[in-house]
Structure formats: C-alpha cells, structure tokens
Amino acid sequence: MTRNEALFEFLQRMGDNTLILGHRISEWCGMAPVLEEDIALSNTALDFIGQTQFWLGYAGEIEGESRDADRLAFHRDAWDFRNVLLVEMPNGDFGQTIMRQFLFDAWHSIYVARLIKSSNKRVSEIAEKASKEIAYHLERSADTVVALGDGTEESHARMQKALDYLYPYVGEMFLSDEVDAEMAAAGIAPDPSTLRDEYDLLVQKVLDEATLTVPGNRFAQKGGKSGAMHTEHLGHLLCSMQWLQRAYPGGNW
Amino acid sequence: MNNEWPLWEVFIRGQHGMSHRHVGSLHAPDAEMAIKNARDVYTRRNEGVSIWVVEAVHIAASSPSDKGPLYEPSESKVYRHPTFFDIPDEVGAM
C-alpha cells in the first residue's frame with residue numbers, strides 16, 4: 001500500500017464516520033422529544049456533514065479519479081464505506097442515540113485533537129476547524145448522558161441498556177491496521193491503539209457521574225473501518241440517503 | 001406531577017458594547033442546559049457573543065390592565081422630553 005493509498009483510506013474513514021453519524025442523527029429532525037433537542041441534534045448533524053465535505057473532498061483529491069465529496073458520499077456502496085460500525089447503529093430510543101453520540105464524541109475529541117498536530121497541513125487545518133464543533137458536541141452529549149443516567153428510574157434503565165448494547169462497538173475505534181501504521185509512520189495521524197487509556201478515563205468519569213456501569217467485557221465488533229463487513233443497518237441507511245442521486249444521477253437544485 | 005421543563009427567557013448580546021436583548025424563550029431542565037439550548041436555538045446564525053437566561057417565573061411583569069394608571073399620566077407631559085433645547089450644529093446627531 002502506497003502512502004497515498006493509505007491516506008485515501010484514512011480520509012474516507014474520517015469522512016464516512018461523520019457522514020454516516022450525521023445522517024443518522026438527521027433522522028431525528030422533526031421527531032426529537034422536544035424542540036430544543038431537535039434543533040440541537042440537527043445542528044450537530046449539519047456540523048458533521050460540513051466536516052464530511054472537507055474529509056471526503058480531500059479524499060477525492062488524493063485519489064485523483066475526479067470523484068468529489070458528493071460522488072463519494074452518494075455513489076459508493078456499503079462495502080466501500082469505511083466508517084466504524086458504531087456510527088451506523090440504529091437510533092433506537094433517544095437514550096440510545098445520545099449514548100452512541102457520547103461514545104463517538106469522546107473518541108472524536110481525543111483523535112481529532114491529535115490530528116491538529118498532523119504533519120499534513122490539510123489534515124491539520126480540517127481538524128483545527130472541526131475541533132471547536134467537536135468540543136461542543138462532547139459537552140452536550142456528556143451532559144445529557146449524565147442527566148438521563150442519573151435521572152429517573154426509567155431513564156437510568158434505558159441508558160444502561162443503551163450502554164450495554166453499544167459497548168461492543170467501542171473497541172473498533174481503537175483497532176490499528178496497516179493504514180493506521182502508515183499514517184502514524186508519516187506523522188499524519190496517531191495510532192488509535194495508543195488512545196484507549198485516555199478514552200477510558202474520560203468515559204469512565206462521565207459514566208460514573210451518570211451512575212452507569214461500564215460493561216466488563218471488552219469484546220469488540222469490527223469490520224467497519226476496514227470495510228470487511230458492515231452491519232445490515234448500513235445498507236438501509238444508504239438506501240434512504242442515496243436514492244435520489246442513484247435515481248437521478250448528478251441531479252441538483 | 002408536572003413533567004414539563006421550566007420555561008426560560010433568553011437574552012442575547014449581538015456584539016460587544018451592545019446590551020442583551022430578549023430574543024425568545026425555550027424549555028430546559030436547568031440553567032446550564034438552558035444556555036446550551038439557547039446556543040442551539042437562537043445563535044445558530046452567528047447572532048451572539050453572550051447569552052443570558054432567566055427562568056420565566058422569576059420575571060415580575062406589569063399587568064396589562066394597569067395600562068391606564070401606569071402609562072397615561074406621562075402622555076400629556078411633553079415637558080419631560082428634552083426637545084426644547086437648541087442644539088448647536090457642531091454637536092452633530094444626538
């Protein structure tokens with residue numbers, strides 16, 4: 001694998017994480033429990049789509065096959081996506097959505113903070129711009145996890161259930177492969193396996209405050225970031241996200 | 001039991017040097033979340049540099065039915081307006 005091939009993979013991973021999670025939470029638009037959360041989630045979704053444009057736009061430039069961000073977002077199929085499985089998991093109830101958001105935001109904030117120091121100027125600039133949005137995402141999702149976890153009996157039970165359901169998808173964010181090794185060697189991105197302790201500290205602190213119990217089992221579902229095997233949920237998501245561009249290629253308004 | 005979050009009134013300062021202006025209201029469980037919600041609901045188009053929130057129940061308001069006694073007496077007192085002074089042109093707009 002050449003360095004540019006690895007960089008293309010890395011950029012797709014970044015862009016696909018934000019694209020898929022951004023689409024997932026946009027599914028709440030108009031349907032969240034209260035107006036304030038509805039707008040807040042939609043804002044977060046838009047932040048992610050904005051970040052996606054940078055990551056996938058740059059990915060297309062590196063690939064050099066004249067695919068832009070839209071082309072990559074709407075004309076690849078499930079096996080071409082490189083997002084971690086966590087972000088394609090269904091919304092479930094509001095608690096599950098917020099728990100997924102928190103588990104991702106915590107990783108995102110730690111990882112992107114490292115990318116600001118990337119040897120690649122474009123990566124560093126995108127990370128710098130995204131980091132302020134990400135800091136707010138994390139603050140908001142962490143606070144909501146605490147409020148619901150340490151809330152009523154029912155909200156606590158739902159948050160614990162969400163954590164138990166999603167925890168097996170946390171480990172994939174810290175798996176390293178040859179793409180990560182190449183990126184780390186080039187000083188472009190950190191080796192994700194070196195970030196787990198920092199993540200565990202952050203997550204444990206919030207979940208303690210939320211009176212939730214971190215599952216002891218570290219078994220990790222994987223296959224998303226490598227593209228080897230996505231969950232069955234991704235195809236359904238792409239179906240609603242991509243149908244217009246598939247039915248009317250290049251259509252715009 | 002009341003399951004509704006309390007109502008908060010939101011005040012935003014558009015730029016440094018201006019005063020906070022009332023922009024609307026929202027629901028939130030506590031002050032901290034009210035500020036976060038205000039950030040998301042009222043500053044998404046770069047409207048502000050500072051947010052105040054106050055729980056609506058803490059605002060004491062005048063009663064509309066007191067309009068007469070409260071405001072009418074001032075209607076006929078033009079001498080309370082400082083409009084009877086000649087202002088030199090050099091002073092410019094006041």
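Residue numbers start from 1 in every chain, and the chains themselves are labelled A, B, ... in the order their sequence lines are given, proteins ahead of strands.
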Revision key, fill the gap. Only residue of Gln15(B), His16(B), Arg21(B) satisfying side chain to side chain contact (heavy atoms under 4.5 Å, CB included) with Met18(B) is Gln15(B)
Give every donor-acceptor pair between chain B and chain A closer than 3.5 Å, one pair per line, or write none.
{"from": "His27(B)", "atom 1": "N", "to": "Glu36(A)", "atom 2": "OE2", "distance (Å)": "2.6"}
{"from": "Lys36(B)", "atom 1": "O", "to": "Tyr136(A)", "atom 2": "OH", "distance (Å)": "3.2"}
{"from": "Lys36(B)", "atom 1": "NZ", "to": "Glu139(A)", "atom 2": "OE2", "distance (Å)": "3.3"}
{"from": "Lys36(B)", "atom 1": "NZ", "to": "Asp143(A)", "atom 2": "OD2", "distance (Å)": "2.5"}
{"from": "Asn37(B)", "atom 1": "OD1", "to": "Arg140(A)", "atom 2": "NH1", "distance (Å)": "3.4"}
{"from": "Asn37(B)", "atom 1": "OD1", "to": "Arg140(A)", "atom 2": "NH2", "distance (Å)": "2.6"}
{"from": "Asp40(B)", "atom 1": "O", "to": "Asn43(A)", "atom 2": "ND2", "distance (Å)": "3.1"}
{"from": "Asp40(B)", "atom 1": "OD1", "to": "Asn43(A)", "atom 2": "ND2", "distance (Å)": "2.8"}
{"from": "Asp40(B)", "atom 1": "OD2", "to": "Tyr136(A)", "atom 2": "OH", "distance (Å)": "2.8"}
{"from": "Asp40(B)", "atom 1": "OD2", "to": "Arg140(A)", "atom 2": "NH1", "distance (Å)": "2.9"}
{"from": "Arg44(B)", "atom 1": "NE", "to": "Asn43(A)", "atom 2": "OD1", "distance (Å)": "2.6"}
{"from": "Arg44(B)", "atom 1": "NH2", "to": "Asn43(A)", "atom 2": "OD1", "distance (Å)": "3.0"}

Practice item. Let me see the working for Val145(A) and Leu212(A) under side chain to side chain contact (heavy atoms under 4.5 Å, CB included), right down to the final yes or no. Key: CA-CA 9 Å; Val145(A) 163; Leu212(A) 297 169; 4.2 Å; yes
Review point. Does a sphere of radius 6.0 Å around CZ in Phe54(A) hold more than 12 heavy atoms from other residues, nucleotides or ligands, not counting ones at 6.0 Å or beyond?
Key: no
Point to revise | Close side-chain approach of Val123(A) and Met14(A), heavy atoms under 4.5 Å | key: no
Point to revise | Over all atoms of both residues, closest heavy-atom pair of Pro6(B) and Glu55(B) | key: CB-OE2, 3.4 Å
Check your understanding: Heavy-atom count around Lys77(B) NZ within 6.0 Å, excluding the residue itself: above 12?
Key -> yes
